[in-house]
Amino acid sequence: MRLTIADVRLTPILVADPPLLNTQGVHQPYTPRLIVEVETADGVVGFGETYGDTKYLELARPFATKLIGRQVTDLNGLFAVADEVAVAEARVSGQVDVGGLRGVQTADKLRLSVVSGFEVACLDALGKALGLPVHALLGGKVRDAVEYSAYLFYKWADHPAGVAAEKDDWGAALDPAGVVAQARVFKERYGFTSFKLKGGVFPPDEEIAAVRALAEAFPGHPLRLDPNGAWSVATSLRVAEELGDVLEYLEDPALGTDAMAEVAAGTGVPLATNMCVTTFAEIAEAFGKGAVQVVLSDHHYWGGLRNTQQLAAICRTFGVGVSMHSNTHLGISLAAMTHVAATVPGLHHACDSHYPWQTEDVLTERLVFEDGKVAVSDAPGLGVEVDRERLRALHRRWADDDGALRERDDAAAMRVAEPGWVTPGVPRW
C-alpha cells in the first residue's frame with residue numbers, strides 16, 4: 001500500500017444560493033467553494049471542501065504543491081506545511097475581511113481554514129485505502145446518527161430583478177408568519193425538531209415576535225436566535241428577558257468577549273458563540289470571563305476534524321457545551337461534520353447546517369436528513385462519491401464569472417437592491 005501523495009487538485013466552484021438575509025446584507029445568487037482532491041500513489045482519491053474566495057485559493061495553491069511526496073497519514077505535518085506557506089505568497093497581511101459574520105479574522109485563521117480542506121481530503125483518502133470510515137480514524141463513533149437544527153432565515157422571494165440566479169421554491173419570509181411557514185416546510189421535509197433563526201435583520205421587537213410565533217407553533221421545540229453581534233448589551237439583555245422561557249440559547253447577541261461576558265452576567269439564558277471563540281487562543285479569556293456557555297465549532301476554521309475533537313475536550317473540561325456552526329456548504333462538508341460530530345461525547349445541542357438551502361451539490365447522491373438527523377456512514381472514508389460532471393459544470397460557472405461572484409460579499413449583493421446600502425455598524429440596535 002503506497003500512501004504517498006502523488007497529486008493534489010483544486011477545483012473552485014460557484015453554487016447557487018438563495019436570497020437569505022443577515023445583518024450584513026443578503027446572500028449573493030452564487031457562493032464560492034473549493035473542492036480539494038488528494039490522490040495517493042495507488043490512485044486512491046480523497047475529497048475535502050472549504051471556502052472558495054480568492055484569498056483562500058491564493059493560500060491553497062502553494063499549499064497543494066508542498067503536499068506532493070508527503071504521506072497522506074502525516075496529518076500533523078499539514079500544520080507545518082501551513083507555516084511554510086508564507087503569508088506574502090497569498091498577498092495577505094494583518095486583518096482579513098470576511099464579511100463580519102465570524103468575528104475578526106487574521107491570516108493565521110485564514111490558513112487554518114485552508115488546512116481543514118486538506119485534512120478532510122487526507123482522512124477521506126486514508127479511510128478509503130484502509131477500508132475504514134473517517135469516524136474510525138478519529139477514534140470511533142459514539143452515536144449512529146447526528147442531529148441537526150433547521151436553519152431559518154429571513155428571505156426574499158427572489159434575488160433582485162435582472163440578477164441571474166437559480167429559482168428556489170421557498171418563497172419569502174419577512175415577518176413572523178413567513179418564518180413559521182418556513183419552519184413548517186423544514187419540519188415536513190426533513191423532520192427537524194429544533195429551529196434557529198438568523199436575526200440581526202429587523203428591529204429586535206420584530207425578531208422577538210418571530211421567535212414567539214415559533215414557540216407557539218412548535219411548543220417544546222428548542223429555539224435559537226443569532227443576530228451576529230448586531231445588538232448592544234442593553235438590547236441583548238432585554239431580548240434575553242423577553243425570550244428567556246423559550247430559548248435554548250442566544251447566539252452572539254453582542255460583539256466581542258467583553259460584551260458577551262456582560263450579557264452573560266445579566267441573564268440566565270445560555271450564550272453560544274462562533275464569533276468570539278474561533279481559535280484556541282481565544283478560549284482562556286472567554287471561559288475565564290464566563291462569556292459563553294456553548295461553543296459552536298466549525299471544522300473549516302478550527303483547522304479540521306481533529307482540532308474540533310480537541311476543542312470539544314476542552315469544552316468538557318470547563319463545563320461548556322459544544323455544537324457546530326454552519327456556513328454555506330455542500331455534501332462533502334456535511335459528511336465531514338457528521339463524522340466528527342459522531343465521535344464527540346456529550347453533544348447535547350443539534351448542529352447547524354445550511355445544506356437544505358443548497359439545491360446544488362457535487363455528490364452523486366445528496367445526504368439525507370431523516371427525523372432531523374444524518375446517519376453516520378460506515379463506508380470507507382467519508383462515504384460519499386463525487387459526480388465529476390457536476391463538479392466540472394460548477395467549475396465552468398466559476399471560470400466564466402467575471403470575478404464579481406468569486407468573493408462572498410453580502411453587502412454588495414444588498415446594494416443591487418438598495419444602491420445606498422452601507423454595512424451597518426455595530427451595535428446596530
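- In summary, the side chains of Thr273 and Asp252 do present a donor paired with an acceptor at a separation below 3.5 Å, with no hydrogens or angles considered.
- Other residues, nucleotides and ligands contribute at most 12 non-hydrogen atoms within 6.0 Å of the CD atom of Glu385.
- Ion pairing between a basic and an acidic side chain is recognised when a charged N comes within 4.0 Å of a carboxylate O; Arg33 and Glu360 show no such pairing.
- Rounding to the nearest 0.5 angstrom, the gap separating the CG atom in Leu311 from the CE atom in Met324 is 9.5 Å.
- By the neighbour-count criterion of 12 heavy atoms within 6.0 Å, atom CD of Glu262 is sparsely surrounded, having that number or fewer from other residues, nucleotides or ligands.
- With no hydrogens or angles considered, no side-chain donor-acceptor pair links Asn22 and Asn228 at under 3.5 Å.
- For Asp226, the side-chain hydrogen bond (donor to acceptor under 3.5 Å, both in side chains) partners are Lys198, not counting sequence neighbours.
- The minimum heavy-atom distance between His300 and Ser333, with the atom names listed, is NE2-OG, 2.7 Å.
- More than 12 heavy atoms of other residues, nucleotides or ligands lie within 6.0 Å of CD in Glu206, so this atom counts as buried by the packing criterion.
- The line from NE2 of His221 to CD of Glu248 is 12.0 Å long, rounded to the nearest 0.5 Å.
- Ion pairing between a basic and an acidic side chain is recognised when a charged N comes within 4.0 Å of a carboxylate O; Arg397 and Asp401 show no such pairing.
- Going from atom NZ of Lys196 over to atom CG of Leu225 covers 9.5 Å, rounded to the nearest 0.5 Å.
- Of the candidates Trp170, Tyr148, Tyr151, Trp170 is the only one forming a ring-ring contact (aromatic ring centres under 6.0 Å, His included) with Phe186.
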Checklist entry - Between Thr278 and His325, does a side chain to side chain contact (heavy atoms under 4.5 Å, CB included) hold up when you go through it step by step? => result CA-CA 11 Å; Thr278 59; His325 163 261; over 6 Å; no

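- Val374 places none of its side-chain heavy atoms less than 4.5 Å from the side chain of Tyr190.
- For Gln358 (side chain) and Thr328 (main-chain N/O), no donor-acceptor pair under 3.5 Å exists by modelled atom type.
- No side-chain donor-acceptor contact under 3.5 Å links Glu370 to the backbone of Gly191.
- Proximity of Phe63 to Val115: side-chain heavy atoms (C-beta onward) are separated by under 4.5 Å at one or more points.
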Item to check | Asn327 vs Tyr51, side chain to side chain contact (heavy atoms under 4.5 Å, CB included): CA-CA, chis, key distance, verdict | outcome: CA-CA 9 Å; Asn327 206 318; Tyr51 303 100; 3.6 Å; yes

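- Taking both residues in full, the closest heavy atoms of Ala210 and Tyr154 are given as CB-OH, 3.4 Å, listed atom of the first, atom of the second, then distance.
- Under the 4.5 Å side-chain criterion, counting only non-hydrogen atoms from C-beta, Asp168 is not in contact with Trp357.
- Proximity of Leu14 to Asp400: side-chain heavy atoms (C-beta onward) are nowhere separated by under 4.5 Å.
- Judged by the 6.0 Å distance and 45° axis criteria, Arg366 is positioned over the aromatic ring of Tyr355.
- Two residues are said to be in side-chain contact when any heavy atoms from C-beta on lie closer than 4.5 Å; Val142 and Leu347 fail this criterion.
- Here the shortest heavy-atom pairing between Val146 and Ala342 reads CG2-N, 3.8 Å.
- Under 4.0 Å is where a charged nitrogen must lie from a carboxylate oxygen, and between Glu389 and Arg392 at least one such pair does.
- Asp53 places no side-chain N or O within donor-acceptor distance of the main-chain N or O of Tyr56, the cut-off being under 3.5 Å.
- Here the closest heavy-atom approach between residue His395 and residue Pro12 is recorded as ND1-O, 2.8 Å.
- The pair Asp144-Lys373 does not meet the salt-bridge criterion, since no charged nitrogen lies less than 4.0 angstrom from a carboxylate oxygen.
- To the nearest 0.5 angstrom, Asp245 atom CG is 9.5 Å from Glu242 atom CD.
- Panel note: side chain Gln293, backbone Leu271; a donor-acceptor pair is recorded below 3.5 Å.
- In this structure, a donor-acceptor pair under 3.5 Å is absent between the side chains of Thr54 and Glu58.
- Nearest heavy-atom pair across Thr343 and Leu138 is CG2-CB, 4.0 Å.
- Using a distance-only test at 3.5 Å, with no hydrogens or angles considered, a donor-acceptor pair links the side chain of Gln28 to the main chain of Asp409.
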Item to check | Pair His159-Tyr30, ring pair (Phe, Tyr, Trp, His ring centres under 6.0 Å): steps then yes or no | outcome: CA-CA 11 Å; His159 285 283; Tyr30 300 97; 7.9 Å; no

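- Checking each of Asn274, Leu112, Thr50, Leu110 against Tyr301 for a side-chain contact (heavy atoms from CB on, under 4.5 Å) leaves exactly one that passes, namely Asn274.
- At least one side-chain heavy atom of Glu37 sits under 4.5 Å from a side-chain heavy atom of Phe47.
- The residues Asp361 and Arg390 are annotated as not salt-bridged, no charged nitrogen and carboxylate oxygen being separated by less than 4.0 angstrom.
- With no hydrogens or angles considered, no side-chain donor-acceptor pair links Ser116 and His299 at under 3.5 Å.
- Side chains of Thr267 and Glu241: a donor-acceptor N/O pair is absent below 3.5 angstrom, by distance only.
- Counting non-hydrogen atoms of neighbouring residues, nucleotides and ligands closer than 6.0 angstrom, the CG atom of Asp169 exceeds 12 such neighbours.
- Environment of NZ in Lys141: crowded, with over 12 heavy atoms of neighbouring residues, nucleotides or ligands closer than 6.0 Å.
- For Thr31, there are no side-chain hydrogen bond (donor to acceptor under 3.5 Å, both in side chains) partners at least two apart in sequence or on another chain.
- Although no hydrogens or angles enter the test, the distance criterion places a donor-acceptor pair under 3.5 Å between the side chain of Ser323 and the main chain of Ala350.
- Side chains of Arg238 and Trp429 form no contact here, defined as non-hydrogen atoms less than 4.5 Å apart.
- Summarising the geometry of Thr23 relative to Ala230, their closest heavy-atom pair is OG1-CB, 3.6 Å, with the distance given to 0.1 Å.
- Distance OG/Ser353 to CG/Leu334: 5.0 Å, rounded to 0.5 Å.
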Checklist entry - Going through the checks in order, is the side chain to side chain contact (heavy atoms under 4.5 Å, CB included) test met by Val45 and Arg9? => result CA-CA 10 Å; Val45 179; Arg9 294 181 289 275; 3.8 Å; yes

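- One side chain, His27 or Arg408, offers a donor N or O that lies under 3.5 Å from an acceptor on the other.
- For the 3.5 Å distance criterion, the side chains of Ser377 and His339 fail to qualify, holding no donor opposite an acceptor.
- By the 6.0 Å and 45° rule, Arg184 stacks over the aromatic ring of Phe218.
- Thr359 and Glu166 are not linked by any side-chain donor-acceptor pair at a separation below 3.5 angstrom, with hydrogens and angles left out of the test.
- Of the inter-residue distances, the one linking Leu382 atom CG with Lys128 atom NZ reads 7.0 Å to the nearest 0.5 angstrom.
- Put simply, the side chain of Leu250 does not reach to within 4.5 Å of the side chain of Leu243, judged on heavy atoms.
- For the residue pair Lys289 and Thr257, no side-chain donor N or O sits within less than 3.5 Å of a side-chain acceptor on the partner.
- Judged by a 6.0 Å distance limit and a 45° cone about the ring axis, Arg224 is not positioned over the six-membered ring of Phe195.
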